[in-house]
Amino acid sequence: MKVCVEISRGIESLFGTRDENIRVLEDGLQIRTRLLNDSLEIEGNEAGVLRAESILEDYVALVQEGHEFSNGDLNGILRALVADPEISLKRLVESGRKRSFGKKLIAPKSLNQRLYLEAIERNDLVFGIGPAGTGKTYLAVAMGVSALLNKKVTRIILTRPAVEAGERLGFLPGTLQEKVDPYLRPLYDALYDMLEVDKVERLLDRNVIEVAPIAFMRGRTLNDSFVILDEAQNSTPEQMKMLLTRVGFNSKMVVTGDVTQIDLPAGRQSGLLQAVDVLRGIDGISFVYFDERDVVRHALVQKIVKAYEKYEETTGASRQSLLRLNHAGDAPDNGHDPQA
């Protein structure tokens, strides 16, 4: 199959340094291209040609609207487009623009953050996996607030396992709510950053926004809800399965976690690690992986994350090794027997 796409502007950034951008399309989609005056000829199998044509038509439209692509950004975007046929260039660029989330104007600061927002808009279940400071929880809460304010859902449910470095709730002072609140504080912080304090308090009082440990979700069906499971690496396989099966009609769920910071007791498998194995490849579920380049906290945090990753690689405790070890640890039942 062969088609031609007219490109009168933006040829330089499209091709990139030493044609590296156009090669991403050629290699990833198994096509060949040829520049003909003000058009680009595309030849190859039908699926690859049609995908390339769609990408290039979006590119031409965006350039005509005045959008300028830097060489490095475009290369990363094209790689993402080639890897996931469901993403469009237009939507990915639009997701990078500033938009209102309550009282905050927020724009994603990295390609992975763009992919994350776009995935949340497109899918009912999204996993955001990566180190601290990459915006996983903050952006998920922002999308939840946006969905609530735009009446796409009727409530936000924020939950996380009440597990921190081996502490047990029963040994903490105070009422049950006072015991669990410290574990949920990061979720409250994100809410207060996007909505006025009095509005958050009213929504909490009316249970329009609910913040609770994952154990409180058992037996419920969560319809018309935006559900966020934070610190999912500290959920057990039973808790993860239970929560994932609570999703009801017209609901979205975002699961965030850092597989390098598991605080479960020794010998317990992480529900997040098992979910990655079990759910990979299912339509309607998206996995977005963050790394140290996505860290948006103090510059030192990025260096710390990188240093720990390097240490883990040299000691044989890389993420892949961690995944295999946790999987092997629960091999007899693989987490499928417990009832949610």
Side-chain angles (χ1 to χ4, degrees), residues 101-104 106 108 113 116-117 120 125-149 152-165 167 169 172 174-218 220 222 224-236 239-240 242-244 246-247 251-259 261-263 270-272 288 290 295-297 301:
F101 295 96
K103 66 180 182 180
K104 296 282 285 190
I106 301 172
Q113 288 190 355
Y116 188 49
L117 293 185
I120 292 172
L125 176 57
V126 176
F127 288 79
I129 302 172
T134 51
K136 306 182 300 296
T137 301
Y138 191 83
L139 290 174
V141 173
M143 292 296 283
V145 167
S146 176
L148 181 67
L149 295 179
K152 294 180 180 178
V153 297
T154 58
R155 58 182 171 168
I156 299 172
I157 296 174
L158 308 173
T159 184
R160 67 190 310 203
V163 176
E164 293 293 338
E167 293 181 14
L169 290 176
L172 297 177
T175 65
L176 180 60
Q177 193 63 43
E178 289 170 340
K179 289 178 179 183
V180 301
D181 272 356
Y183 297 98
L184 305 170
R185 181 50 52 189
L187 299 174
Y188 286 111
D189 290 343
L191 283 173
Y192 288 129
D193 204 29
M194 291 168 209
L195 296 171
E196 301 295 339
V197 173
D198 58 342
K199 184 165 189 175
V200 173
E201 297 299 338
R202 288 198 305 273
L203 294 173
L204 287 169
D205 288 342
R206 291 159 44 200
N207 283 326
V208 174
I209 296 178
E210 181 179 350
V211 187
I214 190 172
F216 287 25
M217 300 297 113
R218 188 173 296 276
R220 303 174 61 183
L222 307 175
D224 297 306
S225 303
F226 196 105
V227 185
I228 300 170
L229 170 59
D230 191 33
E231 298 288 339
Q233 76 277 2
N234 288 328
S235 66
T236 65
Q239 288 175 327
M240 178 64 76
M242 177 272 292
L243 186 67
L244 294 179
R246 299 307 96 196
V247 178
S251 290
K252 283 184 180 286
M253 181 178 290
V254 182
V255 177
T256 71
D258 178 358
V259 296
Q261 296 192 40
I262 297 174
D263 296 317
S270 166
L272 176 59
V288 180
F290 298 86
V295 173
V296 292
R297 293 182 183 171
V301 175

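- When all heavy atoms are compared, the tightest approach of S235 to I214 is CB-CD1, 4.4 Å.
- Here the shortest heavy-atom pairing between D258 and P131 reads OD2-CA, 3.5 Å.
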Please set out all donor-acceptor pairs under 3.5 angstrom arising from side-chain atoms of residues 197-211, sequence neighbours excluded.
| residue | atom | partner | partner atom | Å |
| --- | --- | --- | --- | --- |
| E201 | OE2 | Y192 | OH | 2.5 |
| E210 | OE1 | R220 | NH1 | 3.4 |
| E210 | OE1 | R220 | NH2 | 3.0 |
| E210 | OE2 | R220 | NH1 | 2.8 |

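- Within the 4.5 Å cutoff, the side chain of T134 has no heavy atoms near those of the Y116 side chain.
- I120 is not listed as a side-chain neighbour of L139, based on a closest heavy-atom distance of 4.5 Å or more.
- The side-chain heavy atoms of L244 and L229, taken from C-beta on, include no pair separated by under 4.5 Å.
- In this structure, the side chain of D224 does not engage the main chain of T154 through any donor-acceptor pair within 3.5 Å.
- The two residues G257 and K136 come nearest to each other via the heavy atoms O-CE, 3.5 Å.
- Scored by the ring pair (Phe, Tyr, Trp, His ring centres under 6.0 Å) test, F226 finds no partners at all (sequence neighbours excluded).
- The heavy-atom pair separating M194 from I106 by the smallest distance is CE-CD1, 4.4 Å.
- Between L117 and M143, some side-chain heavy-atom pair lies under the 4.5 Å cut-off.
- When all heavy atoms of S225 and I157 are compared, the pair lying nearest together is OG-CD1, 4.1 Å.
- When all heavy atoms are compared, the tightest approach of Q233 to T256 is OE1-O, 4.5 Å.
- Taking CD of Q261 as the reference point, atom OG of S270 lies at 12.0 Å (rounded to 0.5 Å).
- A 4.5 Å side-chain heavy-atom check between V255 and M240 finds at least one atom pair inside the cut-off.
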